[in-house]
Amino acid sequence: MNRKLKIRDLTLRDGQQSLFATRLNQQCIDTLLPFYKDAGFYAMEVWGGAVPDSVMRYLNESPWDRLRSVNKVIGDISLLTALSRGRNLFGYVPYPNSVLEGFYEKAFKNGLNVMRVFDALNDLNNVKDSIAMINKFGGIADGAVCYTVDPKEEAPAEAPKGFFARLFGKKSEPVAAKKIFTDEYFVDKAKGYESLGAKIITIKDMAGLINPARVASLMPKLKAAVNVPIDFHTHCTPGYGLASALMAILHGVDILDTNIWYFGGGSAAPAIELVYIFAKKLGVEVEVNMEAVGKIRTLLKDVRKQLAAFDLKKDSFPIDFDPLKDTLPANIDALFDKAIADAKANNEAALLDACHAIEDYFNFPKPNEIVKNAEVPGGMYSNMVAQLKALKADDLLEDSMRLIPKVRKDAGLVPLVTPTSQIVGSQAVSLALDRRNGNPDYTNTNNQFVALVKGEYGTTPVPVDPKFREQITGDATEHPYDVSSYKKPENPVLPEFGGVKLAKDDEEYLLIELLPNVANGFLRKLREAEYAATAPAQAPEAEKVEEPTDNEPITGPTLKAPMGGKVVEISVKPGDVVKKGGKLLVYEAMKMENDICADKDVTIKRILVKCDQVIGTNEPLIEFE
């Protein structure tokens, strides 16, 4: 009997998040779902990750409706899976168990089957409660170990020529650092997940950094160490993805994560069509209806064209190909055979060359050397590009990417996966701005970076230098997150919309708890639309925003925005005297909240912005006396 390989399709969540900044709307998904029902994937990842935030923020859609709509069509044909961040769920701060339990209970009631749980620091204390709750509500707990690599050595004092040489050149006599992320490290985390009650163990390689030789070393050890299925999740950004997936198949992986053709490769996971060819040559049965996959593939071609505004690789649109009908040219078919032979011989260089040639033929993106050397996830990269573009700060990308390894090491060598990828990425942008403006490093720090360094996100793989912690937080002592300090957000009454509450039920209130700024705007629009539909005669007129009449020129010193974003809180008013260190306002940039505090004693003359106003880099915010 042929060995069988289960497939978890990522197209509707991780695929679109990695390639198209999570902009796939419900209408497109509804078109695809009947064909997914016929495809019969073992599992479909459809929720979690950036979906709850993004569908509200960018698409004005309900995360709960998305989950229900998929479940209504798919039923029990495929397991519906989601990705959550343990103590952080889908947000950027740690949450108490009351919030975790509410989300897990509602998620499984609305049709979710598998919750893949990870912690960005691989701190098992941050996932144990989640796994217990998932099992309690009848779900399948999938424990994801975040793969990462040890840091590069410091650049030499005398910088060599060339961009990458300057960044990654080694000292003439380097001192070997202690290895942290060994095979034994990952095996230990996998065993820990199993002991907590996980029914699947995933190696989650969000940055695509696990090379084929490492897979050949690690996978057999994992298979021997645990008694539950092993899932392999990687991305193709640095160029290892397809080759590493092949190596995982050869070494007995139980479940492989893939995307469908036009949503595969690049910063996403490998395309199932290429995996299918390899599996067929190996005599491995892929447990999917590939004819139905072909129908989805046809639709996805048009869907990708609709997402062109967010497509970072428009020039790498894969050529049309059907593995069930199209005959490969002899030289390309031979490359598949060569890749298999090289993988069996553990000849990594030749294996990578063969897989890159295969991807070149089908016009998948080439390896991204900047991402590879900065060691970042593809989704982090695509989101950073999209956000910097929106902030009209595209020119900061290269400097920001170059600084990511430094910020990561300063923060305790954290793996880069949401939320740490967003926190570190945003802080790298701030650091690039500091240097461009001639300021000392870390002059501007986002609130979440401060919390990470403080210890509120958990125990980092390497302890944070107490001197650095004191520089960032004002205190050299580590301070874990205190759940007793959590304050439930308000659910205000909206008199302008008939006196209804902002959140009408527990599901909507959970959105406020998890993503307060995004959910507030989304739910206000929803209540306004409902009120206009049910009581059009009484619907309030659109509030007239009067243009400021104060044309007085700015003559005093001003506080300027260090980065573009949106004002979410103004903490002062004209006439206030604020001591050095006092909070002036809070703004959101790249999904991170940033407190702006007085750098000396000041008196407020004028507030030049309003709450919810979008601001640009260096835009004046407050004028001082």
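Looking at Tyr58 and Thr22, their side chains never bring a donor and an acceptor atom within 3.5 Å of each other. Counted by atom type alone, Asn211 and Glu348 present one or more donor-acceptor pairs between their side chains at under 3.5 Å. Tyr262 and Asp320 share a side-chain donor-acceptor pair at under 3.5 Å. When only modelled atom types and interatomic distance are considered, Gln306 and Asn25 share no side-chain donor-acceptor pair under 3.5 Å.
Counting heavy atoms of neighbouring residues, nucleotides and ligands inside a 6.0 Å radius, atom CD of Glu287 exceeds 12 of them. The environment of Lys295 atom NZ is sparse: at most 12 non-hydrogen atoms of other residues, nucleotides or ligands sit within 6.0 angstrom. Counting heavy atoms of neighbouring residues, nucleotides and ligands inside a 6.0 Å radius, atom NZ of Lys37 does not exceed 12 of them. Around the NZ atom of Lys281, the shell of radius 6.0 Å holds more than 12 heavy atoms that belong to other residues, nucleotides or ligands. The environment of CD in Glu291 is sparse: at most 12 heavy-atom neighbours from other residues, nucleotides or ligands sit within 6.0 Å. In this structure, Lys314 places its NZ atom where more than 12 heavy-atom neighbours from other residues, nucleotides or ligands lie under 6.0 Å away.
Nearest approach of Ala343 to Leu250, heavy atoms of both residues: CB-CD1, 3.4 Å. Taking both residues in full, the closest heavy atoms of Asp119 and Tyr193 are given as N-OH, 3.8 Å, listed atom of the first, atom of the second, then distance. Of all non-hydrogen atoms in Pro63 and Pro52, the two that sit nearest each other are CG-O, 3.5 Å. Residue Ala82 comes nearest to Gly48 through the heavy atom pair CB-N, 4.1 Å, listed as atom of the first residue, atom of the second, then distance.
Within the model, atoms CG of Asp505 and CD of Glu508 stand 4.5 Å from one another, a figure rounded to the nearest 0.5 Å. A distance of 10.5 Å separates CZ of Arg304 from NZ of Lys313, quoted to the nearest 0.5 Å. Taking CG of Asp506 as the reference point, atom CD of Glu105 lies at 9.0 Å (rounded to 0.5 Å). With rounding to the nearest 0.5 angstrom, the CG atom of Leu274 is 8.5 Å from the SG atom of Cys236. A distance of 6.5 Å separates CG of Leu32 from CG of Leu12, quoted to the nearest 0.5 Å. Note that OG of Ser69 and CD1 of Ile74 are 9.5 Å apart. Values are rounded to the nearest 0.5 Å.
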- Begin with the C-alpha distance, continue with both residues' side-chain angles, and end with the deciding distance and a verdict on side-chain hydrogen bond (donor to acceptor under 3.5 Å, both in side chains) for Arg214 and Tyr240. CA-CA 11 Å; Arg214 189 65 184 276; Tyr240 298 135; over 6 Å; no
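Ring pair Phe20/Phe263 is perpendicular by interplanar angle, where above 60° counts as perpendicular and below 30° as parallel.
Distance alone, capped at 3.5 Å, is enough to place a donor-acceptor pair between the Arg297 side chain and the Phe321 backbone. Thr298 contributes a side-chain N or O that, together with a main-chain N or O of Gly294, makes up a donor-acceptor pair within less than 3.5 Å. A distance-only check finds a donor-acceptor pair linking the side chain of His356 to the backbone of Gly239 [under 3.5 Å]. Looking at Thr202, its side chain never comes within 3.5 Å of a backbone N or O of Lys204 through a donor-acceptor pair.
Only one option out of Leu299, Asn289, Val73, Leu300 pairs with Phe35 in a side chain to side chain contact (heavy atoms under 4.5 Å, CB included); it is Leu299.
Not less than 6.0 angstrom separates the ring centroid of Phe317 from the ring centroid of Trp261.
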